[in-house]
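Chain identifiers are assigned alphabetically (A, B, ...) following the order of the sequence lines, protein sequences preceding nucleic acid strands; residue numbering begins at 1 within each chain.
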Protein chains: 2
Amino acid sequence: MRDRKAATREHLLICAQQLVASAGFSGLQMQQLANHAGVATGTLYRYFPAKEQLAAEVFKRATRIEVAQVAQALTVSAAAPAQIAHALNVFAQRALRAPTLAWALIAEPVEAAVDQQRLQFRQQYAELFATSIQRGIDNQQLPAQNAQLSSTAIVGAIAEALIGPLAQVSRHTEANTPQPSTTVVDDIVQFCLRGLLAAPYSTATTHRLIQENADD
Amino acid sequence: MRDRKAATREHLLICAQQLVASAGFSGLQMQQLANHAGVATGTLYRYFPAKEQLAAEVFKRATRIEVAQVAQALTVSAAAPAQIAHALNVFAQRALRAPTLAWALIAEPVEAAVDQQRLQFRQQYAELFATSIQRGIDNQQLPAQNAQLSSTAIVGAIAEALIGPLAQVSRHTEANTPQPSTTVVDDIVQFCLRGLLAAPYSTATTHRLIQENADD
DNA sequence: CTAAAGAATGAATCTAGATTCACTTTTTGT
DNA sequence: ACAAAAAGTGAATCTAGATTCATTCTTTAG
């Protein structure tokens, strides 16, 4: 029956997600997965043409959930800055609560095919924020700026700030109430908000300086 | 003679760097390197215990150069904001001029051992900027803020903003005057400066919002 | 109930590179 | 000039996983 086949596929994907969530993508090995899912290695290839596809799909699914959460956070009706701050908090808090998964999605060294997904993953976030930022600009709640760029910068900033804590946590135990600096989150959010909100910085001085020093 | 041995080692490292600069770390293969350097594969193992070490050392060297350039850019005597803006420009401009190398250092999927180096690489930048930021705060040229965090955020923001352009460029031809949007650089720098300079954003509204929505 | 179709199996195979090592060539010291 | 010692060689081996496939088990249909 079709149902059964789909269910098995689903089961395999869930098992794969569990492996990733507990050991990152390096822990997602076909033998391992077969054991965990209670099937033979060959069976995996009845459901996925290659590991690459499987890994990519796991990434995509995990991504979809995270992106949806952030998207939802961006729907709270509030001034753009507060809205974005809230979304950033959701992003960071979720990451810190599932550090290994977050690390796998954000920073783990992965094969090229999965890395490709990661690029899209980040772009999805960027687009989400860009939309909010643009709305803020149109509303005069934010100063004029390159919404796309600011958005990308935000995503980069928060990802980078999380990498340290995540790498640390995901290497060690998992469930022992790690509570890694919530302060970090506040500080990053602050930085991003300042970046979004502030009046543009006069480039005059900067540019003169750069010209003078242009030839390294 | 010792000299000769050191010279050969140097030669091998330079060849390795060239490979990385032209094809990323995935292009750094022992056979490949041996060909390029005009030696046999076995010879490589007389100079490096394993590929891991070799790759890590290549990364370290490339890093050292980049970090030094940025460090130097941070020595220009000027107000902290201008100083940092200048350094960011140097960083970005160098990256765009050697896109494949920059991509390899910043974003290419690499084996875990090299990725370890990358973490340090980013931390080095972060420390550099943190020092400047702290100086700026002490001078009252910058508002009070978590210098370490702001610094990390800056590094993340600029890296993230460059990944798109770099990935694009490094996939294609190398030397054909690509001139990828210098605008990007200006916009990122602007964002970072706003993040550094602006007065802190009042968290009152934000926090109320977050509390209300805390349970996803 | 039986045969054809559909799934599952897992040991054997394949693969892409890194790594080794018995042997050759070059250098050094006397 | 000669013998150690050092350096170089590259085909053969190893390795870690992914992938295959001839065979066995299950389900479905008539």
Value in whole Å for how far the [atom2] atom of [N] lies from [atom1] of [X]:
| X | N | atom1 | atom2 | answer |
| --- | --- | --- | --- | --- |
| B/Lys5 | C/dT28 | NZ | P | 13 Å |
| A/Gln32 | D/dA18 | CD | C1' | 14 Å |
| B/Tyr47 | C/dT20 | OH | C1' | 18 Å |
| A/Arg9 | C/dG6 | CZ | P | 19 Å |
| B/His11 | D/dA7 | NE2 | P | 16 Å |
| B/Leu44 | C/dC21 | CG | P | 17 Å |
| A/Leu54 | D/dG17 | CG | C1' | 14 Å |
| A/Asn35 | C/dT9 | CG | C1' | 13 Å |

Please identify each residue that fulfils ring pair (Phe, Tyr, Trp, His ring centres under 6.0 Å) with B/Phe91, with sequence neighbours left out.
B/Tyr125

Angle separating the five-pair end axes of the helix from C/dC1-D/dG30 to C/dT30-D/dA1, nearest 10°, is 0°

Could you tell me if the side chain of A/Glu66 sits less than 4.5 Å from the side chain of A/Val70, heavy atoms only?
no

Indicate, with a heavy-atom threshold strictly under 4.0 Å, whether A/Phe48 touches base, sugar-phosphate, or nothing.
nothing

Sorted by chain and number, sequence neighbours left out, side-chain hydrogen bond (donor to acceptor under 3.5 Å, both in side chains) with B/Glu57 holds for B/Arg9

With sequence neighbours left out, what residues match A/Ser132 under side-chain hydrogen bond (donor to acceptor under 3.5 Å, both in side chains)?
A/Gln83, A/Arg135

Dump the pairs, protein N or O against N or O of nucleotides 19-22 of chain D, anything under 3.5 Å, distances to one decimal.
from: D/dT19; atom 1: OP2; to: A/Tyr45; atom 2: OH; distance (Å): 2.7
from: D/dT19; atom 1: OP2; to: A/Lys51; atom 2: N; distance (Å): 2.8
from: D/dT19; atom 1: O5'; to: A/Tyr45; atom 2: OH; distance (Å): 3.3

Contacts under 3.5 angstrom, residues 34-53 of chain B side chains, donor-acceptor by atom type, not counting sequence neighbours:
from: B/His36; atom 1: NE2; to: B/Gln18; atom 2: OE1; distance (Å): 2.8
from: B/Thr43; atom 1: OG1; to: B/Ala40; atom 2: O; distance (Å): 3.4
from: B/Lys51; atom 1: NZ; to: B/Leu28; atom 2: O; distance (Å): 2.8

What's the closest nucleotide to the A/Ala40 side chain, out of D/dG10, C/dA8, C/dG10?
C/dG10

So does A/Glu10 pair up with A/Lys5, basic N to acidic O under 4.0 Å?
no

